[in-house]
Amino acid sequence: MCSIFVLTGKDVRMAAAERAFYKTLSRGPDMSNFYETERGIVGFHRLAIMGLNAAGMQPFSRGKNFCVCNGELYGFRKEREKLEELGYRFNSDSDCEIILPMYEQFGTGMFAKLDAEFACVIYDGAKGEYVAARDPIGIRPLYYGYTEGGNIAFASEPKNLVGLCGKILPFPPGHYYEKGKFVCYRDMTTVKETVRGDPDEICGEIRRRLVAGVEKRLDADAPVGYLLSGGLDSSLVCAIAAKLSEKPIRTFAVGMEKDAIDLKYAREVAEHIGSEHTEIYMTREEVLDALEFVIASLATFDITTVRASMGMYLLCKKIHESTDVRVLLTGEISDELFGYKYTDFAPTARAFQEESAKRIRELHAYDVLRADRCISVNSLEARVPFGDLAFAEYVMSIDPELKLNKYGKGKYLLRRAFEGGYLPDKILYREKAAFSDAVGHSMVDDLKAYAESVYGDDWHTLAEKYAYHAKPFTKESLLYREIFEKYYPGQAEMIPGFWMPNKSWAGCDVNDPSARVLSNYGESGN
């Protein structure tokens, strides 16, 4: 990960801007750059992943133009070769050095050409204007706000903008900003042509595209590791990587000390793929001690995001403290594409597709946010193969009738696509368990019990203070919201609301986001 920070005017004092900039030093502890430009202030914290020497430090500049980018641009070597044929010369091995030459060649049309997880800000010196953009899923974070002088500001995290801007909002994924407007350049939920036909051919394409998505994310000059929960998604990423790697991959799993559900399954996967496996145990005390720091790092009050972040944060903390791993591959974004436990209740194929599209559009505020913050606050980089653009676009285009759970097993197409040795059948066809549940049911129970100890019968009155957006509806949600408001006062609209199953569907009118409350949870907790 890296951290970008750009003020497009000079109405903020340098000292205040510098304090704000250094709030995200953990995102890029290797090198930092911070200075005043003719039109504002720019800062960049670097975590070196591609091109590890100082030549890859940003901002990159060409003439009066400069750019900062937090991203991984897959296939950048081929793009660089094309640019070299046009006469461009490069000074580093950094993938992000191609951005300015591409901008010079294609203007804002370049963003649709990128196969990348990225957030970037470009200064066009000839026009005296700033251009910014974010990847189509929002895997890399970017926020914006306006200073008192009315100048737009951009930063990797909202904590950089608190105190400098009024209202802070997430930069919309798949958009670029130019001349005061946000323009959509790619919508991942738009289906150009529905894929129908032979399920075997469809499953074959799913397998081919996911394998390609994993393979391109193995390209790093820094050591790579893998988060392994023992569930289907992370297990598939690890199994694919193990087949592609010449030496054993390094996998990491976490669970509660007394009732870890996933650890035994993660261990089975690790043995099957021959990985170098590490297990981390966490306690109730560690979870509660880390809660406020995690919420401040996440910049969210969402219940399921906070719950799932506890294990992920503590695991990544141990990885950072005890290994040389700098890049982590994870299993996020599979649920949004293939379905959750609650989407088993989708009344129609159209309803399933609409729900999937909604979840993809909001991903940047939930699971993708969680993965980014838990990993980056520990000075690591997240890569998400299920978010590969070619893969996600294809899965979204599959006839939703085929994605409905008519098979007695959710995510059937994904499971069927990887039959034949990638994973043991008991893992490949294991029931879905949410990460926050599968680290051990006791963790969520401990968080709920702690919230009960904090608030009395007057908690409803306290919750009214936050009725302006997503009013807390349980003591647990109030606890998270009060911690959030301590660090981000009045900024709750950064988050669409509480992630919950679609309450309009029969079987989904529940008051907790955990799949444990659904009637089809079944063997998920075993």
Side-chain angles (χ1 to χ4, degrees), residues 1 49-50 71-79 95 112-118 134-140 173-174 186-189 191 195 201-220 222 224-229 231-246 249-251 269 273 275 327-339 356 359-360 363-364 367-368 371-372 375 380-398 403 411 413-423 428:
M1 294 298 179
I49 301 298
M50 301 297 295
E72 290 299 335
L73 280 55
Y74 303 111
F76 76 96
R77 291 181 180 85
K78 290 183 179 179
E79 291 296 334
D95 51 332
K113 297 177 180 294
L114 293 178
D115 178 12
E117 302 159 3
F118 76 97
R134 190 179 186 188
D135 69 73
I137 293 178
I139 293 173
R140 293 304 170 96
R186 187 170 184 178
D187 180 356
M188 295 302 295
T189 68
V191 176
V195 174
E201 291 181 4
I202 291 171
C203 288
E205 190 65 15
I206 289 171
R207 182 174 63 252
R208 186 188 71 78
R209 290 186 185 233
L210 185 57
V211 169
V214 172
E215 185 171 23
K216 68 179 70 169
R217 284 162 178 78
L218 303 183
D219 186 9
V224 177
Y226 302 80
L227 298 186
L228 175 59
S229 72
L232 173 66
D233 308 326
S234 66
S235 297
L236 277 178
V237 169
C238 292
I240 293 167
K243 284 183 177 289
L244 294 171
S245 302
E246 295 180 357
I249 65 171
R250 298 165 73 177
T251 54
V269 174
I273 65 176
S275 67
V327 178
L328 288 171
L329 269 69
T330 75
E332 276 75 26
I333 311 183
S334 173
D335 291 338
E336 290 76 11
L337 294 168
F338 290 99
S356 181
R359 295 305 184 188
I360 291 291
L363 250 173
H364 67 95
D367 278 9
V368 161
D372 174 82
I375 290 174
L380 304 167
E381 173 173 293
R383 294 187 179 179
V384 192
F386 281 99
D388 184 78
L389 299 180
F391 176 79
E393 186 174 63
Y394 179 77
V395 176
M396 284 299 293
S397 72
I398 296 172
K403 288 182 281 188
K411 298 185 180 179
L413 293 179
L414 179 61
R415 299 176 195 274
R416 178 171 168 177
F418 285 91
E419 289 179 342
Y422 276 90
L423 292 170
L428 188 63

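Sequence positions, counted from 1, serve as the residue numbers for this chain. Any value given below was found using the heavy atoms of this structure, including those in side chains, with hydrogens, waters and symmetry copies removed.
- For the residue pair L414 and S334, the shortest heavy atom distance occurs at CD2-OG, 3.6 Å.
- The ring pair (Phe, Tyr, Trp, His ring centres under 6.0 Å) search around F391 returns F386, not counting sequence neighbours.
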*Candidate pair D233 and K411, rule salt bridge (Lys or Arg N to Asp or Glu O under 4.0 Å), full reasoning*: CA-CA 10 Å; D233 308 326; K411 298 185 180 179; 2.7 Å; yes
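- For the atom pair CD1 of I249 and NZ of K243, the computed distance is 12.0 Å after rounding to the nearest 0.5 Å.
- Distance check, rounded to the nearest 0.5 Å: CG of L236 to CG of L210 gives 6.5 Å.
- Annotation: the span from D95 atom CG to I49 atom CD1 amounts to 10.0 Å, rounded to 0.5 Å.
- Looking only at distances, a side-chain donor or acceptor of S397 sits under 3.5 Å from a matching main-chain atom of Y394.
- Atom NZ of K78 and atom CG of D115 lie 10.5 Å apart (nearest 0.5 Å).
- Salt bridge present: R186 and E393 bring a charged side-chain N and a carboxylate O closer than 4.0 Å.
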*Criterion salt bridge (Lys or Arg N to Asp or Glu O under 4.0 Å) on E205 and R209, from CA distance to verdict*: CA-CA 6 Å; E205 190 65 15; R209 290 186 185 233; 2.8 Å; yes
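- R359 places no side-chain N or O within donor-acceptor distance of the main-chain N or O of E336, the cut-off being under 3.5 Å.
- Remark: Y422 engages F418 in a ring pair (Phe, Tyr, Trp, His ring centres under 6.0 Å) (not counting sequence neighbours).
- Atom CG of residue L428 and atom CZ of residue R416 lie 12.0 Å apart, to the nearest 0.5 angstrom.
- Each of V237, T251, L328 was checked for a side chain to side chain contact (heavy atoms under 4.5 Å, CB included) with L227, and the lone residue meeting it is L328.
- With respect to M188, the side chain to side chain contact (heavy atoms under 4.5 Å, CB included) criterion is satisfied by exactly one of L363, L337, L389, D135: L389.
- A salt bridge between K216 and D388 is present, with a side-chain N of the basic residue lying under 4.0 Å from a carboxylate O of the acidic one.
- Note that CG of D219 and CG of L73 are 11.5 Å apart. Values are rounded to the nearest 0.5 Å.
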*Test E117 against R383 for salt bridge (Lys or Arg N to Asp or Glu O under 4.0 Å), laying out the working first.*
CA-CA 8 Å; E117 302 159 3; R383 294 187 179 179; 5.8 Å; no
*Give the intermediate values and the outcome of salt bridge (Lys or Arg N to Asp or Glu O under 4.0 Å) for residues E381 and R140.*
CA-CA 10 Å; E381 173 173 293; R140 293 304 170 96; 3.6 Å; yes
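- Closest non-hydrogen pair, S229 versus S234, comes out as N-OG, 2.9 Å.
- A cation-pi arrangement is absent between R134 and F118, since the terminal nitrogen or guanidinium carbon is not both under 6.0 Å from the aromatic centre and inside a 45° cone about the axis.
- Between A371 and A382, the shortest heavy-atom contact is O-CB, 4.3 Å.
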